[in-house]
Amino acid sequence: MKLNPAQAAVAACRDRRVLVLAGAGSGKTATSVHWVAGLVKSGVPRSKILMITFTRKAAQEMAARVERLISSVPKRDNSDKLSVGTYHAIAAMLMREMPTEFGLPDRNFTTLDESECHSVWKSGLKQLGIGQGAKNFSPAKLHSLYSLSRNKQEPIGDVLDPIFGVETATALMAVERYKNLKRAANAVDYDDLLGLWRDSLQENPALVSRLRARWSHVLVDEMQDNNRLNAAILEHLDPEHLMVVGDMNQSIYGFRGSEAQLVAEFPAKHRGTTVMRLEENYRSLQSILDLANSVVVGCEHALQLKSARQGEGRIRYHVYDSSTQEAAGVTGWMRDKIAAGTKPAQIAVLARSSKLMTALEIALNRNRIRYKKYGGLTLADAAEIKDFLSFLRASLNSRDRIAMLRALTQYPGVGEGTAERILSREREKGLFGDMAPSGPAEEMDSVLRELRSLRTLGEKGRFLFEKIKPLLDHNYPKDSGERMATVDTLVRSMENSDERLEDFLDEFSLSRATGTYHPEDCIVLSTVHSAKGLEWDSVWLYGAGSLQIPHPRAQDDLGELAEERRLLYVAVTRAKNELVLSYSTTTDRLQNQGPCPFLPQTADWLFGGIEINSSGPVDMTALFKQLTQAL
């Protein structure tokens, strides 16, 4: 790849501290690997270079690309190898090499995955006499909070206190027990890998000297995704040459502890930093970039993206009366795109939250449009949907033991063992046999009999929704409202359908994509978080309403609204040739909303369905005048 002037300047830079502000689609990976390749070609041994990435896939890609560029440069010896990996991978490598330097007894320690960590928490809570039903004291919750405190470098007590209140002391005891159990097992979790590395660098000057001598040149990719713990490691390591690459406006992982501000702070913390910019975009056409630029205008270190491509981009805005109509609009658009020759895999629908796609998944299932979903659960995976469908499946087929068990266990006081005994005792002669079932079994028997008697799919759906409401409220006390809203969306789609029950149920079983690759005949559905770093020919941003982006619970004083703005920027910059944005004026919770406040408040939203075709900035005043005259 031939570098443009800005990329070439970065690749040739040999200053001690370099901050590269690299916009979306600006070729930062190509620039980074050319910087590393240039070092090797100029005489820097491969073994003196450390490249830190945020995913294993990115590490493998960058290492392979560098090696292709330096294939003509002979290695000095067998140890002359690049060090490329995530922070966690590099830390683990060092700890296996020199465990005692990190406070470990030997190199045979165990690294626990998340589920194994939860088991350790569970054991610790049991030792403290805290039962599984204790409010707040779930292993997953404790682990998440403890991880957040370490990654944000905040005292664990400060993180726990707002959640646990008077029970904070007990929660702190649980944390200590968790740490002791790990230590006794010679085990570390993922956060320990970074925490022990940071602690050792802070407390062991000899180790710092060894690592500085080992790696004279360090490159950090995706600096905006660093957290305070990552930053502390870099500051203590303090290599001779350090280049960090990032874009504040693509920092969207605050819930994991990442901080966009680390990019802004870098020049202040590292005197003499050279700041360089990559703003030429090789992905999107200019009209799409104009919108992206307008979303983050005025933000700190905002880049002005300019397209390196020639052509006319296409942006459309649509306003619908309901999520059902919005889903129908997307489905029709997909059919038109595919009929015109666009490969399904080059079509993506993005949303702020997985739950926003409920109506869309129903429409896709009904229209037999194959899709694969990334981020969050698919509709068919949602627990409340499985609960709802279990009654329908059991009413259709009383031999479906899995459905019968799931339906029964939704009733208060019925566990799996009790449900198994009820079915074994009472279902041999029909549904529950000739004997009159009692308690939950009687209630369920009544529901199933009524479902069988109802004629239409809509009648079945509305009847079952009313019957399952109290069960959802009891079984999901923390978020029963959200779950009932999801089921209600499904029920409303049933009311507008003339399908048979068996066809309706088939839609859910047949639509589930399998495998780790993305089939060419599958549309992409993705949360914006899961779409970062990816691109498609055509992108529809679904649910771009004021109660959807930003998230209703986002708080300005915590910097969450700024991150929500960046999330919209990331969504817009995924599109190469065509971008569609939509929202429904009424949400699934029957709330009224307008357009996302981060978008330019222009006439196109007011009139709905207005199409803008442009290769440059749009004169919205002239557009509004045109629309007024047309009306």
Side-chain angles (χ1 to χ4, degrees), residues 1 20 22-37 46 49-71 81-94 96 111 113-115 147 151 189-191 193-194 218-227 229-230 233-234 243-247 250-253 255-258 278 282-283 343 345-346 348 350 354 372-376 513-520 522 524-537 539 567 570-571 573-576:
M1 171 183 172
V20 182
S26 62
K28 70 176 179 62
T29 301
T31 305
S32 296
V33 299
H34 274 82
W35 180 74
V36 174
R46 290 172 171 82
I49 301 172
L50 169 64
M51 302 170 68
I52 300 177
T53 67
F54 266 80
T55 67
R56 184 178 177 184
K57 180 181 178 182
Q60 292 171 338
E61 179 188 349
M62 292 181 78
R65 291 176 69 170
V66 171
E67 287 298 341
R68 285 197 293 270
L69 292 172
I70 60 174
S71 58
K81 298 177 182 177
L82 292 167
S83 295
V84 188
T86 64
Y87 279 98
H88 294 90
I90 300 299
M93 176 189 72
L94 292 173
R96 298 293 181 190
T111 302
D113 64 23
E114 191 167 8
S115 64
S147 176
N151 283 293
D189 61 26
Y190 288 156
D191 295 320
L193 293 173
L194 303 192
V218 177
L219 170 76
V220 180
D221 190 28
E222 306 285 11
M223 184 64 185
Q224 77 278 352
D225 294 335
N226 275 231
N227 55 44
L229 183 52
N230 302 137
I233 290 171
L234 289 181
M243 176 181 282
V244 299
V245 184
D247 179 4
Q250 293 190 74
S251 179
I252 59 174
Y253 298 116
F255 61 93
R256 297 179 188 167
S258 65
L278 299 179
Y282 291 86
R283 175 187 300 149
K343 291 182 179 179
Q346 279 301 315
L350 309 182
S354 175
K372 190 166 182 179
K373 189 175 181 183
Y374 301 89
T514 58
T516 56
Y517 71 102
H518 188 90
E520 284 294 310
C522 278
V524 177
L525 300 191
S526 177
T527 61
V528 181
H529 285 99
S530 296
K532 185 170 175 286
L534 303 176
E535 60 184 43
W536 294 274
D537 287 343
V539 170
L567 200 63
V570 168
T573 53
R574 300 309 96 197
K576 295 164 70 175

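One is the number of the first residue; the rest follow in order along the sequence. This structure is a prediction, so every number in the text was calculated from the model and none was measured.
In this view, D225 and K532 satisfy the salt bridge (Lys or Arg N to Asp or Glu O under 4.0 Å) rule, not counting sequence neighbours. Evaluation of the side chain to side chain contact (heavy atoms under 4.5 Å, CB included) rule for A59 yields T53, V84 as partners, not counting sequence neighbours. In terms of the side chain to side chain contact (heavy atoms under 4.5 Å, CB included) criterion, residue partners of Q60 (sequence neighbours excluded) are, by chain and number, R56. For L94, the side chain to side chain contact (heavy atoms under 4.5 Å, CB included) partners are I90, E97, M98, F102, W197, L211, R214, W215, not counting sequence neighbours. E67 pairs by the side chain to side chain donor-acceptor pair (under 3.5 Å) definition with nothing, not counting sequence neighbours. With sequence neighbours left out, Y190 forms a side chain to side chain donor-acceptor pair (under 3.5 Å) with no residue at all. Under the rule for a side chain to side chain contact (heavy atoms under 4.5 Å, CB included), the partners of D191 that lie at least two apart in sequence or sit in another chain are S147, R150, N151, D189. Contacts of E114 classified as salt bridge (Lys or Arg N to Asp or Glu O under 4.0 Å), with partners at least two apart in sequence or in another chain: none. The side chain to side chain donor-acceptor pair (under 3.5 Å) check on R46 picks up nothing, with sequence neighbours excluded.
Closest of all the heavy-atom pairs between S530 and G375 is OG-CA, 3.2 Å. Smallest separation of non-hydrogen atoms from A37 and L69: CB-CB, 3.8 Å. Nearest heavy-atom pair, M62 versus S32, reported as atom, atom and distance to 0.1 Å: CE-CB, 3.8 Å. Heavy-atom minimum distance, S26 versus G23: OG-O, 2.6 Å. Minimum heavy-atom separation, H34 to A30: ND1-O, 2.8 Å.
Rounding to the nearest 0.5 angstrom, the gap separating the CD atom in E535 from the CD atom in Q346 is 7.5 Å. Distance check, rounded to the nearest 0.5 Å: NZ of K576 to OH of Y282 gives 15.0 Å. Put simply, CG on L534 and CG on L350 are 9.5 Å apart, with the number rounded to the nearest 0.5 Å. Y374 OH to T527 OG1: the interatomic distance, rounded to the nearest 0.5 Å, is 11.5 Å.
Between N230 and L194 there is a side-chain heavy-atom pair separated by less than 4.5 Å. Counting only heavy atoms from C-beta outward, the side chains of R283 and R574 approach each other to under 4.5 Å. Counting only heavy atoms from C-beta outward, the side chains of V245 and W35 never approach each other to under 4.5 Å. A heavy-atom distance below 4.5 Å is found between the side chains of V36 and L219.
Checked by atom type, the side-chain pair N226/Y87 shows a donor-acceptor distance below 3.5 Å.
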For this session: Report the C-alpha distance between N227 and R256 in whole Å, list the side-chain angles of each, state the deciding distance to 0.1 Å, and finish with yes or no for side chain to side chain contact (heavy atoms under 4.5 Å, CB included).
Result: CA-CA 8 Å; N227 55 44; R256 297 179 188 167; over 6 Å; no
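Partner of M223 under the side chain to side chain contact (heavy atoms under 4.5 Å, CB included) criterion, out of V244, I52, D247: V244 alone.
Listed by first and then second residue, the salt bridge (Lys or Arg N to Asp or Glu O under 4.0 Å) pairs involving residues 25-37 are K28-D221, K28-E222 (not counting sequence neighbours).
With hydrogens and angles ignored, the 3.5 Å screen pairs a side-chain donor or acceptor of H529 with a backbone N or O of I252.
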